[in-house]
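Reckoned from all heavy atoms, side chains included, excluding hydrogens, waters and symmetry mates. A, B, ... follow the sequence lines: proteins, then strands. Residue 1 opens every chain. Note that this is a predicted model, so its numbers are computed, not measured.
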Protein chains: 2
Amino acid sequence: MKWYALPMVISPSENHIRAWARLVKASQRVLGAIEADLKAAGFPPLGWYDVLLELKRSDDGRLRPLEIEGRLLIAQHNVSRLIDRLEKGGYVAREPCEEDGRGQVVAITEDGRDLLNRMWPVYRAAIQKHVAAKLDDDEAASLADLLARLMA
Amino acid sequence: MKWYALPMVISPSENHIRAWARLVKASQRVLGAIEADLKAAGFPPLGWYDVLLELKRSDDGRLRPLEIEGRLLIAQHNVSRLIDRLEKGGYVAREPCEEDGRGQVVAITEDGRDLLNRMWPVYRAAIQKHVAAKLDDDEAASLADLLARLMA
DNA sequence: ACGGATTAAATGCATATGCATCGATATAAA
DNA sequence: TTTATATCGATGCATATGCATTTAATCCGT
């Protein structure tokens with residue numbers, strides 16, 4: 001008689017499942033707490049900070065929407081609308097793109113840089129309170145390392 | 001001369017900041033990937049699964065919206081509307097609450113249990129693919145432990 | 001028992017996100 | 001050159017979320 005292999009189900013271990021469940025819960029909790037601190041201080045959501053920071057980090061303060069999309073993993077249409085809001089607030093400016101007539105270039109403004117500077121102390125304090133107060137430096141390093149592997 | 005202490009700014013370390021940044025990125029990426037697998041298989045979002053699982057785990061398959069809110073950390077009005085959708089799909093039923101006339105009791109239906117059963121193989125495979133394939137068992141245990149500390 | 005304060009859940013309205021599609025430009029093929 | 005195809009970014013529409021308020025019932029002090 002000929003035997004066929006039963007379909008082998010490779011299952012994640014209990015530890016894998018636990019790690020996954022806690023990853024979602026922890027990031028949700030900490031993100032929620034940090035966002036709440038920012039909002040309580042009268043600042044816009046973290047997404048705004050992320051975009052402005054990417055722009056500031058790029059050497060000339062300019063990025064194509066496509067690059068923002070790639071770096072921050074935001075859907076294209078959400079990038080478009082996030083830029084709308086940032087532009088409306090005066091934190092970025094849309095410029096025509098030299099190399100590609102279809103494209104745009106998004107540039108951070110002085111107000112944008114200023115917003116980053118004003119947000120950072122509050123953001124930093126929130127990270128201190130919700131992350132650094134819970135893990136010592138070695139633990140933070142281990143966590144960062146494990147998360148990097150998870151994303152690899 | 002009398003000296004006053006300058007306000008001491010306690011800053012998170014580089015490792016803390018890195019851990020925080022990766023926590024957000026990693027959970028976003030893995031969550032997105034797992035949700036995409038579920039959707040590709042024709043299933044509703046994870047939030048539905050989470051509610052149904054909490055209901056199933058409770059001894060009689062019933063929970064108050066307030067308990068769901070507390071366990072899953074969902075805002076009250078979102079619980080209300082998530083239950084609306086689950087009810088519309090036939091996966092839960094709203095019942096009047098004996099002990100508290102203001103309250104409701106949400107009960108999982110047979111279809112709800114069935115949905116859980118059908119989703120789990122896909123969900124499990126997604127956890128395998130996006131978590132277990134990236135970390136060995138010890139690493140997963142460490143990660144789970146660190147995330148527990150972070151939430152403590 | 002009564003009346004005010006509190007709590008459980010729902011809802012109206014504004015904002016944000018997902019999905020499909022569109023308009024415009026660029027690139028490749030005939 | 002002409003035409004088809006692919007890509008960049010914006011937009012219309014449906015759905016989901018946040019925030020404030022509402023409704024109804026409970027709790028508590030007098």
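Counting only N and O atoms by type, the side chains of B:N78 and B:R81 include no donor and acceptor under 3.5 Å apart. With 3.5 Å as the limit, one finds no donor-acceptor pair spanning the side chains of B:H77 and B:S80.
Each of B:I68, B:L63, B:L82, B:V106 was evaluated against B:V92; a single residue qualifies, B:V106, per the side-chain contact (heavy atoms from CB on, under 4.5 Å) test.
Taking a heavy-atom distance under 4.0 Å as the criterion, the stretch of DNA chain D touched by chain A extends 5' to 3' from D:dT7 to D:dC19.
Side-chain atoms of B:Q76 stay outside donor-acceptor range of the base of C:dA8, with no qualifying N/O pair under 3.5 Å.
Side chain of B:E35 to main chain of B:L46: a donor-acceptor pair is present (N/O by atom type, distance under 3.5 Å, no hydrogens or angles). Although no hydrogens or angles enter the test, the distance criterion places a donor-acceptor pair under 3.5 Å between the side chain of B:H16 and the main chain of A:L135. For the pair B:R22 (side chain) and A:A144 (backbone), a donor-acceptor distance under 3.5 Å is present.
The stretch residues 77-103 of chain A touches DNA chain C through A:H77, A:N78, A:R81, A:R85, A:D100, A:G101, A:R102, each having a heavy atom within less than 4.0 Å of the strand. Within residues 62-72 of chain A, the residues approaching DNA chain D are A:R64, A:P65, A:L66, by heavy-atom distance under 4.0 Å. Residues of residues 42-52 of chain B having a heavy atom closer than 4.0 Å to DNA chain C: none are found.
Under 4.0 Å is where a charged nitrogen must lie from a carboxylate oxygen, and between B:K88 and B:D84 no such pair does.
Listed by chain and number, the residues in a salt bridge (charged side-chain N to carboxylate O under 4.0 Å, His left out) with B:K56 amount to none (sequence neighbours excluded). In terms of the side-chain hydrogen bond (donor to acceptor under 3.5 Å, both in side chains) criterion, residue partners of B:E87 (sequence neighbours excluded) are, by chain and number, B:R94.
Side-chain contact check for B:D145 versus B:S142: every heavy-atom pair is 4.5 Å or farther apart. Two residues are said to be in side-chain contact when any heavy atoms from C-beta on lie closer than 4.5 Å; A:I83 and A:P65 meet this criterion. B:I108 is not listed as a side-chain neighbour of B:Y91, based on a closest heavy-atom distance of 4.5 Å or more. Here the side chains of A:V79 and A:L66 are not in contact, with every heavy-atom distance at 4.5 Å or above.
Within 4.0 Å (heavy atoms only), A:Q104 reaches sugar-phosphate atoms of the nucleic acid but no base atom.
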